[in-house]
Amino acid sequence: MRATQSLVVMAYLTVFANFQTGPGVAIAFLMTIVLVVIATLLYRQIRKVDIE
């Protein structure tokens with residue numbers, strides 16, 4: 001079952017089912033940073049296409 005588990009579910013289960021707040025918050029924090037980087041890159045790419 002863990003092979004197809006998403007990061008959101010893993011963070012939730014780590015915090016609320018296993019009562020391990022440190023690793024759960026670390027998973028959520030790293031996921032947020034990765035999503036911000038991806039969103040920034042996509043935004044820059046879209047802006048570059050719109051300007052040309």
Side-chain angles (χ1 to χ4, degrees):
M1 175 174 155
R2 290 187 182 251
T4 59
Q5 189 176 45
S6 69
L7 285 175
V8 175
V9 173
M10 181 190 300
Y12 173 82
L13 290 176
T14 303
V15 173
F16 293 108
N18 300 334
F19 302 108
Q20 296 176 339
T21 55
V25 171
I27 293 168
F29 183 73
L30 290 175
M31 189 172 44
T32 302
I33 288 182
V34 169
L35 289 174
V36 166
V37 168
I38 291 172
T40 303
L41 292 173
L42 288 174
Y43 177 73
R44 287 182 180 179
Q45 186 67 28
I46 290 170
R47 259 186 73 204
K48 188 187 303 183
V49 171
D50 285 344
I51 292 173
E52 294 177 351

If you link I, L, V, M, F, W and Y whenever their side-chain heavy atoms are under 4.5 Å apart, who else ends up in the same group as Phe19?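 Via sub-4.5 Å side-chain contacts, Phe19 links to none.
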By side chain to side chain contact (heavy atoms under 4.5 Å, CB included), which residues pair with Leu7, not counting sequence neighbours?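 Here the qualifying residues are Met10, Ile27, Met31.
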So which heavy atom on Val25 is nearest to which on Val15, and how close?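 It is N-CG2, 4.2 Å.
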Which heavy atom of Ala11 sits nearest to which heavy atom of Gly24, and what is that distance?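 Closest approach of Ala11 to Gly24, heavy atoms only: CB-O, 3.9 Å.
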Should Val8 and Leu35 be regarded as members of a common hydrophobic cluster, given that ILVMFWY residues are connected when their side-chain heavy atoms come within less than 4.5 Å of each other, either directly or indirectly?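 Yes; Leu35 is reachable from Val8 via cluster members.
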Would you be so kind as to tabulate the donor-acceptor pairs closer than 3.5 Å made by side chains of residues 39-46, with sequence neighbours excluded?
{"residue": "Thr40", "atom": "OG1", "partner": "Val36", "partner atom": "O", "Å": "2.7"}

